Structure formats: C-alpha cells, structure tokens
Amino acid sequence: MHACPRSVRIGSAVQRLTHGGWVPSFCLPPSADPVGAYIHLPFCKRKCLYCDFPVIALGRAVDVAAPVPAIEAYVGSLEREIAATPAQNPHPLQSVYFGGGTPSLTPPPLVERLLHALERAYGIAPGAEVSFEADPGTFDAGRLRSLQALGVNRLSVGVQAFQDDLLHRCGRSHSVAEVHAAIEAIHAAGVPAWSLDLMSGLPGLDPGAWAASLEAAVAAAPTHVSVYDLQVEAGTPFAAMYRPGQEPLPSDDAAAAMFGQASECLRGAGYEHYEISNYALPGSRSRHNTMYWSGSSFYGFGMGAASYLQGRRFSRPKSLPAYLRWLEAYREGPRESPGAELPPESRRDVLLDAIMLRSRLRDGVWLTVLEDIAGDKRHEPALLSALEPHVAAGLAWLERDGEGAATHFGLTDPEGFLLSNDVVSDIFLALDES
Ligand code: SF4
C-alpha cells in the first residue's frame with residue numbers, strides 16, 4: 001500500500017506526472033474529460049471458437065502484405081466518424097488503443113491515416129501511449145518497425161497458449177512456431193513495451209501445460225502479461241460444446257488453482273499483479289486500461305466500440321451494415337457526442353462502478369475518491385461494515401491513517417482477487433440496504 005502520489009490538475013482533468021508520462025492515479029477522482037481513444041479494427045483471419053467480439057473473418061489465406069479493400073473501406077468510415085465527433089478536452093490524447101479483431105492485419109499506411117485523423121481532431125500528446133493489438137502470424141519485424149515509426153509504442157500480443165493442441169482446439173489461426181517467430185520479431189524490432197496475453201481455463205488445459213505456458217511467457221521477457229480466464233459466452237461455438245466447470249473445462253477448484261499458479265509464477269519473476277487479470281514489470285502498467293479501471297472518460301470509434309463521454313456509456317452497433325447505417329445517421333445529426341440522447345449515469349451508478357472497477361486493482365479503492373463521486377460520505381459506514389468480515393477472512397485489506405481513520409481498501413492476492421465478485425456483491429447489498 002502506498003501514499004497518495006503527487007498530482008497536478010490540468011483543466012478539469014486530474015492527472016499524475018511521472019518521468020514516463022501521464023498515468024491515471026487511483027487516489028484521485030476519474031477524469032471527466034476524455035484522455036484516451038479506442039479504435040476498433042474488427043478484421044481477423046478466422047473467428048476463434050470462444051470469441052464473441054464484433055469480428056469480420058477474412059479467411060486464413062489472407063495476404064497480410066497485400067491491400068485488402070474491405071479494411072481500406074472500413075478505415076474510411078473510421079476517419080468519417082472521428083471527423084464528426086467533437087473534441088471534449090482542450091488537451092491532447094494521452095492514450096490511443098487499436099483493439100480488435102486483429103489490428104495487425106491493418107497495413108501501416110492505413111494506421112497512419114487513422115493516427116492523422118485523431119491528431120487533427122483531438123491532438124496526440126508527446127509521450128502518449130499508443131497501443132496496438134497483434135496476433136502471431138500477422139506481422140514481422142519490418143511491419144513492427146513501420147508501426148513504431150508512426151508512433152506505436154506498445155503491443156498487446158494474443159498468444160493464449162504455448163501448446164499447438166490447445167490453440168487448435170480454440171480455433172486460433174496461429175501455431176506455437178508462429179508465436180516464437182512473433183516474439184523474435186518483437187525483440188528484433190526493439191518494441192519498448194509489450195504485453196503477452198495468455199488464457200487459462202481452456203478445454204484440456206492441465207496444471208503441467210499451464211506451468212509450461214507461464215514459464216514460456218516469462219522466458220519471452222514481455223514487459224506486461226495479461227491472464228484471462230476463459231468465459232464460455234452464449235452464442236459462441238464453445239457454448240454448444242462445453243459447460244463451465246465440467247470436463248474438458250477445468251473445475252472451479254482447478255481454475256482457482258491456475259489463477260494462484262499464475263500469480264505465484266509471475267510475481268516470482270518480478271511482475272507486479274496490479275489488476276486481477278494483469279501483471280506488469282515496474283513502470284509498465286497499461287495506461288489505457290488503467291484509464292478504464294479508474295472510470296475516466298474516453299472516445300470510442302468503430303463497429304461495436306464503446307465510448308464514455310459526458311457521463312454516458314454508448315456502444316456502437318456490432319455488425320458492419322448496422323454500424324455504417326448508424327454512422328451515416330450520426331453524421332447527419334447535430335454535432336453532439338455519440339449517445340448524447342441517453343440519460344447520463346447517476347452519481348450512485350458512478351459510485352458503484354468505481355467500487356467494482358477499482359477493487360480489481362492492487363492499489364485499491366480510496367474513500368476520498370468515493371466521497372468526491374458521491375458528493376458526501378453517507379455510503380461509508382455501510383461500506384466499511386460490509387468489508388469488515390472479508391478483512392477478517394483474509395479476502396480484503398483496509399488501510400487507516402495515523403489517527404485510525406479508514407483511507408483505502410482492496411482485495412488480497414490471490415484469495416480476495418479470486419472471490420472479488422462475492423466481496424463486491426456484499427458491499428453493493430449493504431449500500432442498497434443503507
Ligand atoms: S483473434 Fe481475438 S478478436 Fe479475433 S476471433 Fe480470435 S479472439 Fe476474437
């Protein structure tokens with residue numbers, strides 16, 4: 001646990017300055033002015049069997065080096081959406097995130113057009129984090145150098161497993177050999193920051209294979225590791241094939257053991273377990289995701305993308321035809337934020353969001369932040385009494401100042417992180433009844 005870091009107010013955006021640039025700070029309220037932008041690039045070679053993201057499959061044989069008319073047309077739509085969306089912060093973007101889909105299928109000249117569109121509309125701050133999701137088998141060192149020349153300074157690489165049989169079972173389009181080639185390319189290109197993403201809970205995954213994947217991940221020397229537990233989403237092929245907790249998926253106990261195994265292995269290798277699913281070397285936390293978890297506002301662009309502007313969460317349509325129809329109607333309408341017709345979130349909703357999102361973080365939840373959001377401290381007695389049994393059971397911690405007043409709380413690692421839903425539900429219940 002740490003003391004509140006030194007902070008600076010820029011306009012109404014509350015930010016923290018470090019040598020590495022801007023990072024959201026968890027003892028300060030969320031920024032109401034958007035400080036980041038998410039761009040959804042939905043194209044993949046094929047759709048993985050567990051995936052419920054808005055994705056357009058191009059086919060495994062797609063030539064990564066050749067222009068793809070569908071991607072070019074979509075980038076044109078994104079440019080129009082960006083140009084139509086008014087700026088809501090006089091200060092430039094501190095974070096840009098290209099997610100998907102498989103953004104690394106998008107040729108660098110098209111990425112350059114999108115960065116220019118963002119620069120024209122909002123500005124991009126010097127030192128901004130510019131992240132790019134990339135899948136093995138879709139890039140080489142040359143492509144990474146081209147992306148870096150445009151300003152991309154962080155990659156998020158969807159490895160998921162180091163076993164060909166597991167990758168095949170999930171319908172991934174890459175092999176383990178392509179994973180190793182991707183890691184070599186990242187090091188050859190000198191990418192300064194990159195995340196290696198793994199999935200636990202895959203069908204047939206056993207503790208031995210999981211340990212091997214964790215060791216291989218550490219050996220690849222990424223600056224960040226994300227570990228997501230498989231969720232069997234309705235409507236996916238996996239939902240028709242598997243039942244959560246039943247073989248060949250791991251039991252709840254086995255899944256919990258894998259979570260603990262990951263935490264022990266990665267922390268032992270020097271990674272900080274800073275969020276339930278995320279680990280980083282010191283100074284290498286994802287600034288963009290940290291912005292989400294802090295509840296700050298952000299722009300979103302593209303098919304299925306979410307934005308959070310002026311207290312309104314808005315998701316664009318998830319199919320391409322519906323997104324294009326929405327975009328044309330939006331461009332013809334008044335120059336307002338997308339979703340401006342929706343009611344803004346109430347203070348109560350923002351308070352509950354802050355408790356839910358920030359309790360996922362090792363830094364925990366600062367009571368001063370909750371007070372700032374709620375406008376008073378009336379929620380505090382119920383919250384602290386709901387937390388008390390979880391502190392006693394070793395699932396949560398509570399810090400106090402020198403005078404004994406509670407300052408911030410969080411969940412223990414791994415016990416509390418594993419049961420975060422239970423702890424947060426108890427807090428919500430207590431707040432409802434207070
Ligand atoms: S690569 Fe990612 S976005 Fe594309 S289908 Fe697979 S899980 Fe979904």
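Note that ligands are numbered from 1 as they come in the structure, with each ligand's atoms numbered from 1 the same way. As the structure is a prediction and not an experimental result, all values here were calculated from the model.
In summary, the atoms of ligand 1 found under 4.0 Å from a heavy atom of Tyr50, numbered by their order in the structure, are 7 (S).
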Side-chain atoms of residues 245-255: list all donor-acceptor pairs with protein atoms under 3.5 Å, sequence neighbours left out, distances to 0.1 Å.
{"unit_1": "Ser251", "atom_1": "OG", "unit_2": "Ala254", "atom_2": "N", "d": "3.1"}

Can you give me every donor-acceptor pair (side chain of residues 181-191, partner residue at least two apart or in another chain, under 3.5 Å) with its distance?
{"unit_1": "His187", "atom_1": "NE2", "unit_2": "Ala220", "atom_2": "O", "d": "2.8"}

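For residues 199-212, no residue pair satisfies the salt bridge (Lys or Arg N to Asp or Glu O under 4.0 Å) rule, not counting sequence neighbours.
For atom 4 (Fe) of ligand 1, the tally of protein N/O/S atoms lying closer than 2.8 Å stands at 1.
Aromatic ring centres of Tyr38 and Phe298: separated by at least 6.0 Å.
With hydrogens and angles ignored, the 3.5 Å screen pairs no side-chain donor or acceptor of Tyr271 with any backbone N or O of Asn278.
The aromatic rings of Phe238 and Tyr242 sit perpendicular, their planes meeting at an angle over 60°, well past the 30° parallel limit.
Of the protein's heavy atoms, Arg172 NH1, 3.9 Å lies nearest to atom 2 (Fe) of ligand 1.
Arg313 forms a cation-pi arrangement with Tyr308, by the criterion of a distance under 6.0 Å to the ring centre and an angle within 45° of the ring axis.
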